[in-house]
Amino acid sequence: MDIASAKLIYFSPTRTTRKVVAGIAQGACAHKAEHIDLTPPDTALQALVEVNDDLAIIGAPVYAGRIPAEAASRLRRLRGNGTPAVIVVVYGNRAYEDALLELRDLALEAGFRPVAAGAFIGEHSFSGDATPIAVGRPDGDDLRMAEEFGRAIREKMKEMRALDDIPPLRVPGNFPYKDVAGLTGVTPVSGEGACARCGECASVCPTAAIAVREAAETDANLCIRCCACVKVCTIGARRMEDPRIRQVAEWLSANFRERREPETIL
Ligand SMILES: Cc1cc2nc3c(=O)[nH]c(=O)nc-3n(C[C@H](O)[C@H](O)[C@H](O)COP(=O)(O)O)c2cc1C
């Protein structure tokens, strides 16, 4: 089976997952590659999306060892129609726990056929100057590995004659998946006087939680703490100042310095 057309499907608030998915697609060398970006809030409202391609590369970040609930609900809007799929999670150098298994199961439920899986590393959403965590990742080496993985997938697909040749894909993780104890009422804030009210933060928010009026106001019930708004703010006015998150960031920065490497399953 040749890969003539591919769909790159991802939820990626701070864009590290997107980079990894694009790297894999580069290696898999589809002549026609289209993006289905599930990150903007309007995708949450769209009707079912039919996928009928030679390959889908489906990526999501890891939040507390799981797939973000917001990403899972958007992925449920896809119909895979038997499209072979690469399952990819991107995590912030701590652990991916049950996320890869959960994403594989979501892909199966949506009618895809998982053929390969990968867990890659991205700069942690809570990383900052005082608490660096996996800064700059995926870096050149990670993206070379993503491309290499894409090439290996293309070779494997070439050897297959029919969809039924695809054996069930096993990935690490436990079911039932781990419980997510969500923080409530925690959001980044825009420093009074520092905010230029440019609206960039609102434009990248995947849940439309930010409204910029006299100041940037954030709806704590909608915010998923992805930190896309913090990373996009070029003047540093937008910050995650909640002491609980700062404590987590300090713990991650102190305890997860050792570089983890991407894992692939084919
Ligand atoms: C709420 C939240 C929870 C997270 N939980 C984990 C985790 O359990 N393990 C981990 O290694 N990284 C974790 N991360 C870091 C992200 O997985 C990582 O930064 C990823 O690269 C973000 O992907 P994106 O750039 O596509 O948004 C978490 C990030 C956020 C915002």
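Please read all numbers here as calculations on a predicted model, not as lab measurements. Order of appearance sets the numbers: ligands from 1, and atoms from 1 within every ligand.
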field: Numbered atoms of ligand 1 (with element) below 4.0 Å of G122, judged on heavy atoms
entry: 21 (O)
message: Does either side chain, that of R238 or that of T218, offer a donor lying less than 3.5 Å from an acceptor on the other one?
response: yes
message: For atom 12 (N) of ligand 1, tell me which residue out of A134, P138, G92 has the closest non-hydrogen atom.
response: G92
- prompt: If you count the atoms of ligand 1 from 1 in the order shown, which ones are under 4.0 Å from a heavy atom of N93?
  reply: 11 (O)
message: I need the atoms of ligand 1 closer than 4.0 Å to a non-hydrogen atom of P61, numbered in the order shown.
response: 22 (C), 23 (O)
message: If you measure every N or O of Y91 against every N or O of ligand 1, does any of those distances drop under 3.5 Å?
response: no
message: On a heavy-atom basis, I'd like to know which of V62, T14, V180 is closest to atom 28 (C) of ligand 1.
response: V62
task: Nearest 0.5 Å please: distance from the CD1 atom of I3 over to the CG atom of L55.
output: 4.5 Å
- request: Between R94 and ligand 1, find which residue part has any heavy-atom pair under 4.0 Å and reply side chain, backbone, both or neither.
  value: both
- request: Please work out which of the three classes, parallel, tilted or perpendicular, describes the rings of H35 and Y10, given edges at 30° and 60°.
  value: perpendicular
- line: Looking only at protein heavy atoms, what sits closest to atom 3 (C) of ligand 1 is Y63 CA, 3.4 Å
query: Quick one: does Y96 get a heavy atom under 4.0 Å from ligand 1?
result: no
Top protein contact for atom 9 (N) of ligand 1, by heavy-atom distance: A95 O, 2.9 Å
- request: Can you sort out which atoms of ligand 1 are near T16, meaning under 4.0 Å from one of its heavy atoms?
  value: 20 (C), 21 (O), 22 (C), 23 (O), 24 (P), 25 (O), 26 (O)
- request: Kindly assign one of parallel, tilted or perpendicular to the pair F175 and Y177, based on the angle between their ring planes and the thresholds 30° and 60°.
  value: perpendicular
message: Pairs of nitrogen or oxygen atoms closer than 3.5 Å, one from I224 and one from ligand 1: do any exist?
response: no
- prompt: Would one find an N or O of P13, backbone or side chain, under 3.5 Å from an N or O of ligand 1?
  reply: yes
field: Minimum-distance protein heavy atom relative to atom 29 (C) of ligand 1
entry: S125 OG, 3.4 Å
task: Inspect the contact between R154 and D54 and indicate whether a charged nitrogen and a carboxylate oxygen are less than 4.0 angstrom apart.
output: no
message: With no hydrogens and no angle check, just 3.5 Å: does a side-chain donor-acceptor pair link D53 and S5?
response: yes
query: Does E148 have any salt bridge (charged side-chain N to carboxylate O under 4.0 Å, His left out) partners at least two apart in sequence or in another chain, and if so, which?
result: R151
message: Nearest 0.5 Å, please: how far is CG in L252 from CD in Q247?
response: 11.5 Å
query: What protein heavy atom is closest to atom 31 (C) of ligand 1, reported as residue, atom name and distance in Å?
result: R225 O, 3.1 Å
- request: State whether D142 and R137 are salt-bridged, where the test is any N-O pair (Lys NZ or Arg NE/NH1/NH2 against Asp/Glu carboxylate O) under 4.0 Å.
  value: yes
A64 near ligand 1 by a heavy-atom separation under 4.0 Å: yes
Presence of salt bridge, R144 and E147, under 4.0 angstrom: no
message: Using a 4.0 Å cutoff against the non-hydrogen atoms of V90, which atoms of ligand 1 qualify?
response: 17 (O), 20 (C), 21 (O)
- prompt: Where on R15 is there a heavy atom closer than 4.0 Å to ligand 1, on the side chain, on the backbone, on both, or on neither?
  reply: backbone
task: Take T83 and K7, measure what side-chain contact (heavy atoms from CB on, under 4.5 Å) needs, and give me the verdict at the end.
output: CA-CA 10 Å; T83 301; K7 282 273 182 333; over 6 Å; no
- request: Please identify which atoms of ligand 1 are closer than 4.0 Å to at least one heavy atom of E123.
  value: 18 (C), 19 (O), 21 (O)
field: Pairs where residues 196-210 contributes a residue and the test salt bridge (charged side-chain N to carboxylate O under 4.0 Å, His left out) is met, not counting sequence neighbours
entry: none
- request: Find all atoms of ligand 1 within a distance of less than 4.0 Å from any non-hydrogen atom belonging to H124, and give their numbers and elements.
  value: 12 (N), 13 (C), 14 (N), 15 (C), 19 (O), 28 (C), 29 (C)
